[in-house]
Amino acid sequence: MKQLENIITNNENFKTLSPEHVKELAGRASIIDLETGAFMFCQDGKADHFYVLTKGSVGLEIHAAGWGTVTMQTLRSGDLLGWSWMFPPYRWHFDAKTLEPSQAIAFDAATVRDKFKKDSDFGYQVMKIVATHMMDRIVAARLQILDLYGKNPDHQGYAIR
Amino acid sequence: MTVLLDDPMVTTPWVIDQMRRETADTFTFILKPVKGHGRGSFQFEPGQFNMLYVFGTGEVPISISGTQEQNGKLEHTTRVAGTVTGAMGKLRSGDVIGIRGPFGSHWPIENAIGKDVIVVAGGIGLAPLRPVYNALVGRRDEFNKIVLLYGSRTPEDILFRSELEKLSANLDIEVFVTVDRSTMGWRGNVGVVTSLLRNVPFDPRNAVAMVCGPEIMMRFSVHELQRRGLKEEEIYISMERNMKCAIGHCGHCQYGPEFICKDGPVFPYNRISNLLGTREL
Amino acid sequence: MTSQIKSPPLKNCPKTVIDRAGLDCLFDSLRVRGFTVVGPTVRDGAIIYDNLGSTNDLPMGWTDEQEAGSYRLKKRSDKALFGYTVGPHSWKKYLFPPRQRLWMAKRQGRSFSIENNDPPENSKFAFIGVRSCELHAIGIQDRVFIGDKFIDPVYKSRREQAFIVAVNCGQAGGACFCASMNTGPKAESGFDLALTEILNRKSPYFVVEVGSAAGAEVMGDIPQRQLAEKDEQAAEAVVAGATSQMGRAMEVEGIRELLPDNPDHPRWEEVAKRCLSCANCTMACPTCFCSTVEDTTDLTGDHAERWKRWDSCFTMDFSYIHGGFVRQETKSRYRHWITHKLSTWHNQFGSSGCVGCGRCITWCPVGIDITEEVGAIRASLS
């Protein structure tokens, strides 16, 4: 318990939290270790945790019959995974599969949600952290959509580089 | 009829010694002077560019991708993007092209001495930074951490792949390669190059960043670097505009008060930060 | 503004007086020295610059009436030779030719060799009737083409050889605003000779100021008489008359910031509704220096040429980079032109790019007025 508090306190993501809020989170957290190729979560599985990667890296993938597996983004130490746990039906949209031996702090979704309801300041402070990651992920996705290094369909002319 | 050697608009013939295909749409010329032409040694700084002329077709600005010590040879990497680069792509070793240059400002290697160096490249933007990372590695002792971040469209579009693999195996420079879109068999990072910046190890109080790629990629990279606490004046980017003369006479490459050809292409971010937000400047 | 490439200007320019016959003699003397004498002449309803055979080719007895989008020639009641302001041409067409071959190349197997242009013929010009604003314009282009690291050899050679006979303006046109740009109407420096035309009823004559050693040398051939005090007074009155007639004014206070600081001002949209993007202003402007290059080959494909020609920031192609055009909208192009001319020119070349000649106002087909556009932006902010 004390050890988890230390880990959370020292994690860059949580540096804005008060000691009380860290304590609340630590009471709802555990450390998990994963081998290469392990699924942290699977698409359509129950979103009962969210995670902060502390070691290793995870590929965010989607798989469909006839389509195969597409990796959309690689997440690494420091990244926060998961927001399906916040909204019904609490089901994961994607797969998260480790690319190397990895470690994460896993937070219990149901009890964190429960705490949000009772303590809106705690909810606001934690949501700010989650929202930062959501923003980064959306910006990254938009840049991917732009296909910046691809050929512009109106392409003529020349490039300096 | 005599050639005015001091006319900055007159091109000098160089012969293609080697033509190396890099990816499906990029290639590298290794050029050597044609006997009886040229001026002995060709001095340039990393980040500078030359105007490359294809006989009868036209001239385009291409940055120098080779290192400074190459026995008088000159290296350019470019992507087929239009008429002139298209014609260049069809040339073979033994063909002759025209060279004018070098022109423009250069990457601040001297300013990076004693600091962490973050090199961020997107797409063909790796080519003008190639002389930088080669120079940094060649003078490894003078710099602190060296980090190279490179974003490519797909694994097949990765430039200088074997060279990057070799660099990556060297423990004294950290290389992170990411692709926007993964394809079969790619086990590396997926995601835009800007998202790598978040967790890359460097000391923002004593670091310099050099960023080259599409304008949007550079803007987002600068934001991330600023978020990490790096000062504006320690972030350098390389701009691109239409260029006809490269000597500040034709007026085409103006960007606000700057001429990209002679004040740039490499600028400290704080010098042009107030221009980047204006549309159609 | 001083030409740094000619013999140093003479201190306290010596003054003298010549008559019409003296002017004839000056033309002859310049021709004998190998100059192609060029200057104002009437053609197609306008006063343009072209080769002059004699002083008879000058627009004697003509004047012009200029307003935004309007230019008309009118007969004068006297026989003044320089009784008008400036027309659509400027001297840049001689110093910075509209089309110019940069070089030729001949294919040799898989290689090629470069051959330089033929030595330019007739490029030793004597300019007759250069106005003060135009002297400033030449000085501004000097800084662009021969004032920095890279030198344009054609410009340099033509500029060094040019002999400049300035004329002090005796009247200002409706589009003129040189007084507010501090570029006229009196020619202060940068000339070899400067004339002030004194229109006395019986025999018009010229007060001549000698501005260089070359000017003094040429004057050695010319019959002249000593300057009297009344001549000097008459010359001063001529220039004072022009100053008082100035048709327009540009408020330049704070202009270096005014335009770049307001890139999203609604006035840009407004002017774009009128602007045709026709490029007339840039062609008529005596300081606009933009150019492009063209590559050609003959039918065999063995002979290639590179040509330089005037270009304009009002064309779409001008801002082309792979992927598209930077300045797609007219408002961006007008904003670029005027901001460069009046503001960023200072950053680049240490002065304004505008000399107040008014050509862009007169020759704009829809009468857009550079002074009015600046005024509108300024007024909206105060």
Side-chain angles (χ1 to χ4, degrees), chain A residues 11-13 15 36-37 52-63 67-81 94-100 132-161, chain B residues 25 49 58-63 65 77-86 104 122-129 151-154 157 178-184 186-196 198-199 212-217 220 223-224 238-243 260 265:
Chain A
N11 190 292
E12 193 69 11
N13 284 298
K15 62 174 193 266
T36 306
V52 169
L53 264 181
T54 51
K55 217 188 280 172
S57 56
V58 167
L60 214 53
E61 301 176 349
I62 195 159
H63 180 91
W67 181 271
T69 305
V70 178
T71 305
M72 269 148 317
Q73 197 171 12
T74 309
L75 302 176
R76 40 190 67 250
S77 175
D79 284 328
L80 185 146
L81 285 88
F94 301 105
D95 288 340
K97 189 173 150 195
T98 57
L99 302 169
E100 58 189 311
T132 311
H133 286 268
M134 292 174 84
M135 179 186 77
D136 288 348
R137 225 66 71 71
I138 290 168
V139 167
R142 285 175 178 164
L143 288 175
Q144 275 172 309
I145 291 168
L146 280 175
D147 193 16
L148 287 174
Y149 317 125
K151 276 221 157 99
N152 185 313
D154 303 327
H155 215 127
Q156 290 282 318
Y158 61 86
I160 181 172
R161 43 198 183 224
Chain B
D25 61 353
F49 67 94
E59 204 181 44
V60 287
I62 308 284
S63 58
S65 62
T77 302
T78 190
R79 186 167 79 155
V80 174
T83 319
V84 181
T85 48
I124 190 79
L126 185 63
L129 285 168
S152 168
R153 187 174 184 239
T154 70
D157 292 310
T178 185
V179 296
D180 276 9
R181 194 180 310 169
S182 108
T183 49
M184 200 68 97
W186 173 248
R187 299 185 52 82
N189 201 90
V190 183
V192 290
V193 69
T194 49
S195 48
L196 291 179
R198 215 184 133 148
N199 302 314
C212 189
E215 216 166 295
I216 297 171
M217 168 263 167
F220 279 84
H223 294 171
E224 268 322 305
S238 178
M239 296 296 294
E240 180 176 11
R241 284 293 181 270
N242 193 350
M243 275 183 211
I260 300 291

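Atom-to-atom distance recorded for A:T71:OG1 and B:R187:CZ is 9.5 Å, nearest 0.5 angstrom. The distance from the CG atom of A:L146 to the CG atom of B:D180 is 9.5 Å, given to the nearest 0.5 Å.
Comparing B:G151, B:G58, B:S195, B:S65 by how many heavy-atom pairs each has under 4.5 Å with chain A, the most go to B:G151.
Heavy atoms closer than 4.5 Å to chain A are found nowhere in B:L126, neither backbone nor side chain. Of the two parts of B:T154, neither the backbone nor the side chain holds a non-hydrogen atom closer than 4.5 Å to a non-hydrogen atom of chain A. In this structure, chain B has a heavy atom under 4.5 Å from the backbone of A:S77, while its side chain stays farther away. At a 4.5 Å heavy-atom cutoff, A:L60 makes no contact with chain B through either its backbone or its side chain.
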Can you list the steps and then say if B:R153 with A:D147 is a side-chain contact (heavy atoms from CB on, under 4.5 Å)? CA-CA 7 Å; B:R153 187 174 184 239; A:D147 193 16; 2.7 Å; yes

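B:N189 is listed as a side-chain neighbour of A:R76, based on a closest heavy-atom distance under 4.5 Å. Between B:T178 and A:T74 the shortest side-chain heavy-atom distance does not fall below 4.5 Å. Within the 4.5 Å cutoff, the side chain of A:D136 has heavy atoms near those of the B:R198 side chain. The shortest distance between side-chain heavy atoms of A:D79 and B:N199 falls below 4.5 Å. Considering only heavy atoms from C-beta on, A:Y149 stays 4.5 Å or farther from B:D157 through its side chain.
Checking side-chain atoms of A:Q73 against main-chain N and O of B:V190 turns up no donor-acceptor pair under 3.5 Å.
A 6.0 Å sphere centred on CE of B:M184 holds no more than 12 heavy atoms belonging to other residues, nucleotides or ligands.
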